[in-house]
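Okay, so here's the structure we're looking at.
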Amino acid sequence: MNSVGEACTELKREYDQCFNRWFAEKFLKGDRSGDPCTETFKKYQRCVQKAIREKDIPIDGVEFMGPNKDKPES
């Protein structure tokens, strides 16, 4: 799946690969120490935020999750 911004698609692919590798090789085997994909995620996130601004996509009231953010209460 492509990203919201064409320029972000490669960063999304890199993050997806990093996350999937970490999840399968570490997390599922009980290693919960750190997330090696944080910097890649941050680059991708900045790219997406820029694309959203450039495309004037309304995001008022939308809450975003990411590394070090608490999950919303159910």
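On a predicted model such as this, the values are computed, not experimentally measured, just so you know.
Rounded to the nearest 0.5 Å, atoms CD (Gln45) and OH (Tyr15) are 10.0 Å apart. Residue Asp35 holds its CG atom at 6.5 Å from SG of Cys18, rounded to the nearest 0.5 Å. Rounding to the nearest 0.5 Å places NZ of Lys26 at 11.0 Å from CZ of Arg21.
Across every non-hydrogen atom of Leu11 and Thr40, the tightest pair is O-CG2, 4.4 Å. Nearest heavy atoms, Cys37 versus Phe19: SG-N, 3.4 Å. The two residues Val48 and Cys8 have their closest heavy-atom pair at N-SG, 3.6 Å.
Here Asn20 pairs with nothing under the side chain to side chain donor-acceptor pair (under 3.5 Å) rule; sequence neighbours left out. Annotation: side chain to side chain contact (heavy atoms under 4.5 Å, CB included) contacts of Glu54 (sequence neighbours excluded): Lys50. Not counting sequence neighbours, the partners of Gln17 by the side chain to side chain donor-acceptor pair (under 3.5 Å) test are Arg13.
Between Phe23 and Phe27, the ring-plane angle classifies as parallel under the 30° and 60° cut-offs.
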